[in-house]
Asker: 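Mind having a look at this structure? Questions to follow.
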Amino acid sequence: MTLKDLIRDEITALAPLLSPMPLSRYMELCLTHPTFGYYMTRDPFGAMGDFTTAPEISQMFGELLGLWAVAEWQQLGSPEHFILLELGPGRGTLMADALRAASISPTFLEGMQLHLCDASPVLREHQHAHLARYQPQWIDDTTALPDLPLIVIANEFFDALPVEQVRHLHGESWQRRAVTWHNGALDWAVTGIPAASIPADIRAAALPDWREFSPLSAIIVAQLSQHIKRHSGSLLAIDYGYNQPAFTITQGDTLQALAKHKPVDVLAEPGHADLTCHVDFQALASVAAAEGLKTSVTPQGMFLKALGIETRAQRLLTQAKNVTQRQDISSALHRLTDASEMGELFKVLIIES
Ligand code: SAH
């Protein structure tokens, strides 16, 4: 049995009711099916893996986010007890760097209840190895958090959540992209979708080009926003994506499959390639704004520079032992902040009470 067999069986079994399979269901199975899901079976990071993320490029990234968390905690009035939650912590590298930097404030570390939300048993092992001394609690979803102020960090989490792709052809009703089984292989299909299940901003724009929305992302941001509204707090989410109102977006298909750092066919090897989409920052910010919270979206380069990444890089350069280390620090700074690399494409959403 492979994931492809399982998907074929689900499509065939549900044919009278549901065929073809909604794209969000296909992505969910590919990424987090308990046995065959991409994240459930492997450590995907690094040169030998499928992709690299900012905390794996440089310790500066996590360190600065740790200082950001301490500053947010102080703004909340330095609560004696609070939750620090990371969504999708990967190997735990970001949080380990963040908490090392946060040790400038021992009361922050003493009052913190570290929560980690991750679907992957393999990556939870890595997180345990890096973070055991902070006694983290692992949670399966964001519905049951203690009644305390909440600080949330999420790097490259929302791009991994399933999306739907929809479009509105002139004079016709709404369509969605779906996955079907055809001539012994997975194939794309287009089917109808009721207008009522499409978010209002996309419906209002009614464009003929594909548009994406992520129901699960909206649910998670709504749950966390409600918690922050009730108990105070803030959320920081960094990812690649766009920040425009729905009516200005024309190219909406951003779904990509990546294996060994190269794009591959989304349908070719379900469960063996990472599937990701660009994050719609306006959509996430508007969920939080609807709860009455403050929101901002800033390019990553600008955000990291405001937190002092250049000063931190200078400091590390003076401590570097050899030319290779110095080159690594300079190239990491360039990669994280330059507009031609991650500086503009990656954005920072902040939600605050
Ligand atoms: N933040 C890390 C890892 C990013 S990869 C870094 O920057 O390196 C995405 C992470 O989200 C992985 O840890 C993966 O296991 C987790 N993840 C993906 N889908 C998830 C879901 N639906 N629920 C919980 N965690 C998920």
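Both counts, for ligands and for their atoms, begin at 1 and track the order of listing.
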Asker: Purely on distance, is any nitrogen or oxygen of G88 under 3.5 Å from one on ligand 1?
Answerer: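 Yes: some nitrogen or oxygen of G88 is under 3.5 Å from one in ligand 1.
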Asker: May I ask you to identify the nearest protein heavy atom to atom 13 (O) of ligand 1, giving residue, atom name and distance to one decimal place in Å?
Answerer: D118 OD2, 2.6 Å
Asker: Counting both backbone and side chain atoms, is some N or O of L87 under 3.5 Å from an N or O of ligand 1?
Answerer: no
Asker: Keeping the roles fixed (side chain from D5, backbone from T2), state whether a donor-acceptor pair exists under 3.5 Å.
Answerer: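 Yes; judged by distance alone, with no hydrogens or angles, the pair exists.
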Asker: Answer with side chain, backbone, both or neither: which part of L161 has a heavy atom less than 4.0 angstrom from an atom of ligand 1?
Answerer: side chain
Asker: Could you tell me whether R25 and E10 have a side-chain N and a carboxylate O separated by less than 4.0 Å?
Answerer: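 A salt bridge links R25 with E10.
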Asker: What residue and atom, counting heavy atoms only, is the protein's closest point to atom 26 (C) of ligand 1, and at what distance?
Answerer: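 Of every protein heavy atom, F157 CE1, 3.7 Å lies nearest to atom 26 (C) of ligand 1.
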Asker: Among L161, D159, N155, which residue meets the side chain to side chain contact (heavy atoms under 4.5 Å, CB included) test with F157?
Answerer: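 Only one option passes, and that is L161.
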Asker: With atoms numbered from 1 as shown, which atoms in ligand 1 lie under 4.0 angstrom from a non-hydrogen atom of P55?
Answerer: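 Reading through ligand 1 atom by atom, the close ones are 6 (C), 7 (O), 8 (O).
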Asker: Short list, please: which atoms of ligand 1 are under 4.0 Å from a heavy atom of G90?
Answerer: 2 (C), 3 (C), 13 (O)
Asker: Tell me the contacting part of A119 for ligand 1: side chain, backbone, both, or neither, using a 4.0 Å heavy-atom threshold, strictly below.
Answerer: both
Asker: How about E291 and Q226: does a side-chain donor come under 3.5 Å of a side-chain acceptor?
Answerer: yes
Asker: Take F346 and F303, measure what ring-ring contact (aromatic ring centres under 6.0 Å, His included) needs, and give me the verdict at the end.
Answerer: CA-CA 10 Å; F346 281 71; F303 180 77; over 10 Å; no
Asker: For ligand 1, find out whether one of its N or O atoms is nearer than 3.5 Å to an N or O atom of N155.
Answerer: yes
Asker: Minimum heavy-atom separation for S353 to L293, with atom names?
Answerer: CA-CD2, 3.8 Å
Asker: Can you report which non-hydrogen protein atom sits closest to atom 9 (C) of ligand 1, along with the distance?
Answerer: E156 O, 3.4 Å
Asker: To the nearest 0.5 Å, what is the distance between CG (L99) and CG (L131)?
Answerer: 6.5 Å
Asker: Check L123 against ligand 1 and report side chain, backbone, both or neither, counting heavy atoms closer than 4.0 Å.
Answerer: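 Answer for L123: side chain.
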Asker: Does R167 reach the main-chain N or O of R211 with its side chain, forming a donor-acceptor pair under 3.5 Å?
Answerer: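 Not a single qualifying donor-acceptor pair exists.
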Asker: Give a yes or no answer on whether the side chain of E72 reaches the backbone of W68 with a donor-acceptor pair at less than 3.5 Å.
Answerer: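 Checking the backbone N and O of W68 against the side chain of E72, no donor-acceptor pair under 3.5 Å is found.
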Asker: How does T53 reach ligand 1, by side chain, by backbone, by both or by neither, if only non-hydrogen atoms under 4.0 Å count?
Answerer: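 Just the side chain.
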Asker: Give the numbers and elements of all ligand 1 atoms closer than 4.0 Å to a heavy atom of S120.
Answerer: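 That gives atoms 15 (O) of ligand 1.
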Asker: Would you say Y39 has any N or O atom under 3.5 Å from an N or O of ligand 1, going by distance alone?
Answerer: no
